[in-house]
Amino acid sequence: MLREHDLTRRERCLWSLVRASTERDETARRDAMHDAAETLTPGEIYLATMVIALFNFYNAFVDLHGVDELSDEGYAASGMRLSTVGYIP
């Protein structure tokens, strides 16, 4: 909760949707969607859930294929590259 102290309401809603994506309780998932709908537009919710689903898919795919996690240095280097050139070299 302390980590979310400085987030905007919109950012908190997006993180709530991320957490809801792994929630197994249907009522909790619906509550998260309902809460997000009080702040986000239907289009924003659609796009956010699509991105969340794609990342969940990608993470499961990578995990199942045994791809090694990046080191802290690898994440830093990847972040630097992505911040300057994006995903296209």
Side-chain angles (χ1 to χ4, degrees):
M1 186 60 143
L2 290 175
R3 292 186 319 186
E4 292 188 10
H5 183 270
D6 294 330
L7 298 180
T8 66
R9 177 152 174 73
R10 295 170 63 74
E11 290 168 330
R12 282 193 297 274
C13 287
L14 292 170
W15 280 111
S16 175
L17 293 175
V18 170
R19 286 189 299 274
S21 74
T22 59
E23 176 62 59
R24 302 297 12 126
D25 180 64
E26 183 177 352
T27 302
R29 287 192 312 269
R30 286 184 189 201
D31 288 347
M33 292 293 282
H34 177 69
D35 291 346
E38 292 178 4
T39 301
L40 304 173
T41 68
E44 290 171 325
I45 291 172
Y46 179 84
L47 291 174
T49 56
M50 182 175 54
V51 169
I52 292 165
L54 290 170
F55 269 100
N56 285 341
F57 164 80
Y58 176 77
N59 288 335
F61 180 84
V62 168
D63 289 347
L64 288 169
H65 286 274
V67 176
D68 292 330
E69 285 191 39
L70 285 176
S71 65
D72 289 343
E73 296 81 18
Y75 275 111
S78 178
M80 193 63 121
R81 181 182 58 80
L82 290 173
S83 71
T84 57
V85 297
Y87 284 97
I88 300 173

J.: Under the side-chain hydrogen bond (donor to acceptor under 3.5 Å, both in side chains) rule, collect the residues that match up with Glu73, sequence neighbours excluded.
T.: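 Glu73 satisfies side-chain hydrogen bond (donor to acceptor under 3.5 Å, both in side chains) with Ser71 only.
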J.: Once salt bridge (Lys or Arg N to Asp or Glu O under 4.0 Å) is applied, do any residues pair with Glu38, and if so which ones, sequence neighbours excluded?
T.: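 Glu38 satisfies salt bridge (Lys or Arg N to Asp or Glu O under 4.0 Å) with Arg9 only.
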J.: Run the side-chain donor-acceptor check on residues 42-51: report pairs under 3.5 Å with partners two or more places apart or on a different chain.
T.:
unit_1	atom_1	unit_2	atom_2	d
Glu44	OE1	Arg10	NH1	3.4
Glu44	OE1	Arg10	NH2	3.4
Glu44	OE1	Thr41	N	2.8
Glu44	OE1	Thr41	OG1	3.4
Glu44	OE2	Arg10	NH2	2.4
Thr49	OG1	Ile45	O	2.9
Thr49	OG1	Tyr46	O	3.0

J.: For a quick test of your reading: what N or O donor-acceptor pairs under 3.5 Å do the side chains of residues 53-61 make, sequence neighbours left out?
T.:
unit_1	atom_1	unit_2	atom_2	d
Asn56	ND2	Ser21	OG	3.2
Asn59	ND2	Phe55	O	3.3

J.: Do you know the tightest heavy-atom contact between Thr8 and Glu11?
T.: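 Scanning both residues completely, I find the closest heavy atoms to be N-OE1, 2.8 Å.
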J.: So Leu14 and Leu7, side-chain contact (heavy atoms from CB on, under 4.5 Å) or not? Walk me through it.
T.: CA-CA 10 Å; Leu14 292 170; Leu7 298 180; over 6 Å; no
J.: Measure across Arg81 and Gly86 and return the closest heavy-atom pair with its distance rounded to 0.1 Å.
T.: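 Answer, listing the atom of Arg81 first, then Gly86: NH1-O, 3.4 Å.
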J.: Locate the shortest heavy-atom distance separating Cys13 from Ala36; write the atom from each residue and the value.
T.: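 Smallest interatomic distance, heavy atoms only, reads SG-CA, 4.0 Å.
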J.: Is there a donor-acceptor pair closer than 3.5 Å between any side-chain N or O of Thr22 and the backbone N or O of Val18?
T.: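 Judged by distance alone, no pair lies under 3.5 Å.
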J.: Considering only residues two or more places apart or on different chains, which pairs with a residue in residues 25-36 satisfy side chain to side chain donor-acceptor pair (under 3.5 Å)?
T.: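 Sorted pair list: Glu26-Arg30.
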J.: With sequence neighbours left out, which residue pairs that include part of residues 51-64 fulfil the salt bridge (charged side-chain N to carboxylate O under 4.0 Å, His left out) condition?
T.: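 Found none.
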